Amino acid sequence: VKLIEKLALSLDELAREEVLVQAWKKASAHIRYHNWFSDTLELDLTAVNLQTFISNLSMKIRSGNASSSDPLRMVPAPKSQEWGVFGNGKWAPMEASGASARLRPLAHVSIEDQVVTTALMLLLADRVETAQGDPRNPITDLPVDRVVSYGNRLFCDREGSELRHRWGSAKLYRGYFQDYRSFLERPDAIAEALPQSDSKVVILQSDLRQFYDRVAPELLHSSLRKFQKNISEMEFFDFACGYLDWRW
């Protein structure tokens, strides 16, 4: 793993079986624990034939046959609300109209695509997490105008000025509720740290309407490109952007 971290990012690194098997372990564990609509039969079949699955996927990446991901399958997930069975046998929200009856479009992703994208995440983890800063630092250490991600941060150790994700750890993400408490506390802490004056400090809280409908691959691609260090990594980032260009 230390050797991988020191090398330039390339498709050869992505296709290494030791990278893909770590990605499979993390992806499958996360799917089983968090994804209530996962295809558990597909996971079990992959586990039984893991050596063949990893070997075939490695060859697929090296040969250039894994240039794009499979189409996403939409899962219309009901938001938190009361459901029931009506007289006609139809299962539906008890409140048939309004915001409470809306469905959230979630995506079912094939296990092969989950493994490849997790492998991409593992190879990029140290660069991305280091750029965001150590979430264990005091919340008042960051500039007031700094945008900080407190959700879904990878579990990392600090080595000097860099963050290192633990490849072999069973823990993938940091504790969500621990980071979420920091997210809630930061506006108050920043407001208190501002110079005292007669003017009021206003804290504005907002949410994104239909967030899942507005996740744009193009924005992800432009953000990923910022982590490319030199021209030798062009092939890796071209592959990542091509693979993370999902379609329904």
Side-chain angles (χ1 to χ4, degrees), residues 1-5 9 11 13-61 66 69-75 77 80 104-130 132 134-136 149-159 163-183 211-212 215 220 224 236 239-240 243-244 246:
V1 173
K2 291 296 181 183
L3 179 62
I4 292 173
E5 291 172 352
L9 297 179
L11 287 188
E13 296 302 312
L14 179 66
R16 288 173 64 164
E17 294 191 11
E18 57 267 38
V19 173
L20 294 175
V21 75
Q22 286 288 349
W24 177 83
K25 287 170 59 179
K26 290 182 180 289
S28 60
H30 187 76
I31 293 168
R32 288 186 186 277
Y33 187 79
H34 293 282
N35 191 342
W36 54 265
F37 57 87
S38 62
D39 188 345
T40 54
L41 178 59
E42 183 184 24
L43 288 174
D44 292 338
L45 288 173
T46 304
V48 170
N49 300 284
L50 183 59
Q51 184 174 356
T52 301
F53 172 80
I54 294 297
S55 179
N56 290 342
L57 184 54
S58 176
M59 290 188 293
K60 191 174 180 180
I61 295 173
S69 53
D70 297 327
L72 302 177
R73 292 165 57 190
M74 182 179 290
V75 179
S80 297
R104 175 181 286 122
L106 302 182
H108 174 77
V109 185
S110 68
I111 184 62
E112 180 177 297
D113 287 349
Q114 298 243 24
V115 171
V116 173
T117 52
T118 302
L120 290 169
M121 180 187 70
L122 291 176
L123 290 170
L124 288 163
D126 295 350
R127 297 186 187 184
V128 175
E129 291 298 319
T130 299
Q132 292 189 95
D134 193 338
R136 294 167 295 188
S149 172
Y150 282 104
N152 296 327
R153 294 294 299 272
L154 297 180
F155 184 65
C156 296
D157 297 307
R158 182 163 48 196
E159 293 185 8
L163 295 178
R164 300 285 188 188
H165 177 57
R166 294 189 188 181
W167 284 53
S169 173
K171 189 172 184 180
L172 179 58
Y173 293 106
R174 283 174 47 82
Y176 172 77
F177 291 103
Q178 178 183 357
D179 290 341
Y180 189 62
R181 283 198 302 269
S182 297
F183 168 74
F211 172 82
Y212 287 96
V215 177
L220 175 61
L224 279 178
F236 174 87
F239 175 89
Y243 211 87
L244 297 171
W246 51 83

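Below, all heavy atoms of this structure are taken into account, side chains as well, without hydrogens, waters or symmetry copies. Here the structure is a predicted model, which means the values were calculated and not measured.
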Checklist entry - Between atom CZ of Arg16 and atom CG of Leu11, what is the distance when rounded to the nearest 0.5 Å? => result 13.5 Å
Checklist entry - Is the shortest heavy-atom distance from the side chain of Leu172 to the side chain of Met121 under 4.5 Å? => result yes
Checklist outcome for this item: In terms of heavy-atom contacts, Ala66 and Phe239 come closest through O-CE1, 2.8 Å
Next on the checklist: Quick check against the 3.5 Å criterion: does Ser55 have a side-chain atom that pairs as donor or acceptor with the backbone of Gln51?
Outcome noted: no
Item to check | Verdict with reasoning, Met74 to Leu106, per side-chain contact (heavy atoms from CB on, under 4.5 Å) | outcome: CA-CA 6 Å; Met74 182 179 290; Leu106 302 182; over 6 Å; no
Checklist entry - Does anything in residues 112-121 pair up under side chain to side chain donor-acceptor pair (under 3.5 Å), and if so which pairs, sequence neighbours excluded? => result Lys60-Glu112, Ser110-Asp113, Asp113-Tyr243
Item to check | Any donor-acceptor N/O pair, Lys26 side chain to Ala119 backbone, under 3.5 Å | outcome: no
Item to check | Nearest atoms (heavy-atom pairs only) where Leu123 meets Trp167 | outcome: CD2-CH2, 3.8 Å
Checklist outcome for this item: One should read off an interatomic distance between Leu224 CG and Leu124 CG, to the nearest 0.5 angstrom, of 6.0 Å
Item to check | Intermediate values then yes/no, side-chain contact (heavy atoms from CB on, under 4.5 Å), Cys156 and Arg164 | outcome: CA-CA 5 Å; Cys156 296; Arg164 300 285 188 188; 5.7 Å; no
Item to check | Gap separating the CZ atom of Phe155 from the CZ atom of Arg174, nearest 0.5 angstrom | outcome: 8.0 Å
Checklist outcome for this item: With sequence neighbours left out, the residues meeting side-chain contact (heavy atoms from CB on, under 4.5 Å) with Asn56 are Thr52, Met59
Checklist entry - Do Thr130 side-chain atoms and Arg127 backbone N/O form a donor-acceptor pair below 3.5 Å? => result no
Next on the checklist: For Arg136, give me all partners under salt bridge (Lys or Arg N to Asp or Glu O under 4.0 Å), at least two apart in sequence or on another chain.
Outcome noted: Asp134
Checklist entry - Who pairs with Leu45 by side-chain contact (heavy atoms from CB on, under 4.5 Å), at least two apart in sequence or on another chain? => result Leu41
Scan the side chains in residues 27-34 for donor-acceptor partners under 3.5 Å anywhere in the protein, sequence neighbours excluded, and list what turns up.
from, atom 1, to, atom 2, distance (Å)
Ser28, OG, Trp24, O, 2.8
Ser28, OG, Lys25, O, 3.3
Arg32, NH2, Asp44, OD1, 2.6

Next on the checklist: Rounded to the nearest 0.5 Å, what separates atom CG in Asp39 from atom CG in Leu43?
Outcome noted: 7.0 Å
Checklist outcome for this item: Closest non-hydrogen contact found for Gly168 with Gln22 is CA-OE1, 4.0 Å
Checklist outcome for this item: For His165 and Ala125 the tightest heavy-atom approach is CB-CB, 3.8 Å
Checklist outcome for this item: In terms of heavy-atom contacts, Val116 and Leu57 come closest through CG2-CD1, 3.8 Å
Checklist entry - Just how far is it from atom CD1 of Ile111 to atom CZ of Phe53, taken to the nearest 0.5 Å? => result 6.0 Å
Item to check | Test item: Asp70 and Val109 side chains (from C-beta on) under 4.5 Å apart, heavy atoms | outcome: no
Next on the checklist: Holding to side-chain hydrogen bond (donor to acceptor under 3.5 Å, both in side chains), I want the full list of residues that pass it with Asp157, two or more places apart in sequence or in another chain.
Outcome noted: Arg166
Item to check | Where Leu163 and Pro135 come nearest, the two heavy atoms and their spacing | outcome: CD1-CD, 4.3 Å
Item to check | Heavy atoms of other groups near Tyr173 OH, more than 12 under 6.0 Å | outcome: yes
Checklist entry - Rounded to the nearest 0.5 Å, what separation is found between the CG atom of Leu120 and the CZ atom of Phe236? => result 5.0 Å
